[in-house]
Amino acid sequence: QKGGYPHFMLKEIHEQPTAFHNTVSPRIVDGLPNFACDKICDEDLRRFERVVVVACGTAMHSGYVGQYLIERLARLPVTVEIASEFRYKNPILNRDKDLVIIVSQSGETADTLAALRLAKKQGVFVLGIVNVVGSSIAREADAVIYTWAGPEIAVASTKAYTVQISVMYLLAIKFAMLRGFADEAFAREYTSNLMSVEEHIAEILKDSQSFQFYASKLQNAHDLFYLGRGLDYALAMEGSLKLKEITYIHSEAYAAGELKHGPISLIVDGTPVIALGTQKSLFEKMASNIKEVKSRGACVFLICDDTCENTAQIADFVIKLPALPEIFMPLLSVAPLQLLAYYTSILRGCDVDKPRNLAKSVTVE
Ligand code: M6R
């Protein structure tokens, strides 16, 4: 059942290239994103002037990636809402102009389902991004884009996140074309970059040894910080959640520019900091944030692409990834974050597939 892996989580991490392929390739026709297999045509998407992503946990984190992508490529405003907050705040929605995207692996999360029902009651078009076929959210949404990750058994979501963000890339490119921010050549180039990701993820997953080594440096930590800017901040949130849920180490994700506004007081000698520096255009700013924490004694693990130079001068440990245009780097940096969490959990003797107090699907409030 675990396909030769010791845990479902590790199996599911390794299934990511296939999950990515199964989700993305049916939606690329003639080198461009196409949602015909989901019965969604361009006319269905053209009228929207705002996107509201509603979800919980990891699924919500995929919404933050979607926010950066859709806003950057298509200049379409996106807000991301925690489902349990959204459902009780009497949200402002516009039935003619808003698209509500509900993201859920299980399709059964109680708060997310309630948010869907609320949006539908207000007459807003609801698009579900769902992994489980025939689940409540899939049945009740106006349209569904299924992610084809296959069953996800481990409580910690891994491959489901990767396919959720893959769909966000497809939507962002599609919206960019529909709104006139990408011509066909540009969209083709982005789509082909997206397709190239699969082999890079597979390559990254071959190196489990270095992650075991990095995990050995994290296993006794009490507090851990994840820092990033732009898309790296969205990934920092996901990395931090993954680590805390399966290792029980307290961890926080911060937008690196926020450090000076409070959290830097928590950095003491030896505090591990996972610094995401995959966004080339923001690297200089990130490097200066890293220097700030280093000078307070932090032990810095830097995740960056393999063209970054002089990294040994600013970080204690450097995890280098293949260099792609920065917008695609989240698809590569997520696996290292998952592996760090996984191996740290193993070294701490935690029940990695079934962490304490957690259920795979939160079907009650
Ligand atoms: O099934 P859903 O995607 O709706 O679940 C949402 C969250 O409960 C889920 O992503 C949770 O945060 C994961 N355990 C995180 O790894």
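Treat the numbers as computed from the prediction; the structure is a model and nothing was measured. Just follow the structure's listing: the first ligand is 1, and inside any ligand the first atom is 1.
- Judged purely by atom type and a 3.5 angstrom limit, R75 uses its side chain to pair as donor or acceptor with the backbone of E71.
- Residues that satisfy the side chain to side chain donor-acceptor pair (under 3.5 Å) test with D38, not counting sequence neighbours, are R27.
- Between K242 and ligand 1 there is a heavy-atom distance shorter than 4.0 Å.
- Considering I264, L259, I274, I267 as possible partners of F225, the one that fulfils the side-chain contact (heavy atoms from CB on, under 4.5 Å) test is I267.
- Given atom 3 (O) of ligand 1, the protein heavy atom at minimum distance is Q105 N, 2.6 Å.
- To the nearest 0.5 angstrom, S135 atom OG is 9.5 Å from E140 atom CD.
- Counting heavy atoms under 4.0 Å from ligand 1, residue E245 touches it through the side chain alone.
- Taking a 4.0 Å cut-off on heavy atoms, C56 registers as neighbouring ligand 1.
- Applying the 4.0 Å criterion to heavy atoms of S106 picks out, from ligand 1, the atoms 1 (O), 2 (P), 4 (O).
- Backbone and side-chain nitrogen or oxygen atoms of V155 are examined, and one is located within less than 3.5 angstrom of a nitrogen or oxygen of ligand 1.
- If you number the atoms of ligand 1 from 1 as listed, the ones under 4.0 Å from a heavy atom of A59 come out as 3 (O), 10 (O).
- Under the 30°/60° scheme for interplanar angles, the aromatic rings of F328 and Y190 are found to be tilted.
- Polar contact with ligand 1: absent for Q164 (N/O pair, distance under 3.5 Å).
- Regarding atom 5 (O) of ligand 1, its nearest protein heavy-atom neighbour is T109 OG1, 3.5 Å.
- Atom 10 (O) of ligand 1 has as its closest protein heavy atom T58 N, 3.2 Å.
- Salt bridge D111/R87: present, at least one basic N to carboxylate O contact under 4.0 Å.
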Less than 3.5 Å apart, which donor and acceptor atoms pair up between the side chains of residues 292-299 and the rest of the protein, not counting sequence neighbours?
{"residue": "E292", "atom": "OE1", "partner": "N289", "partner atom": "ND2", "Å": "3.3"}
{"residue": "E292", "atom": "OE2", "partner": "K260", "partner atom": "NZ", "Å": "2.8"}
{"residue": "K294", "atom": "NZ", "partner": "A298", "partner atom": "O", "Å": "3.3"}
{"residue": "K294", "atom": "NZ", "partner": "D316", "partner atom": "OD1", "Å": "3.1"}
{"residue": "K294", "atom": "NZ", "partner": "D316", "partner atom": "OD2", "Å": "2.7"}
{"residue": "S295", "atom": "OG", "partner": "K291", "partner atom": "O", "Å": "3.3"}
{"residue": "S295", "atom": "OG", "partner": "E292", "partner atom": "O", "Å": "3.0"}
{"residue": "R296", "atom": "NH1", "partner": "E292", "partner atom": "O", "Å": "3.0"}

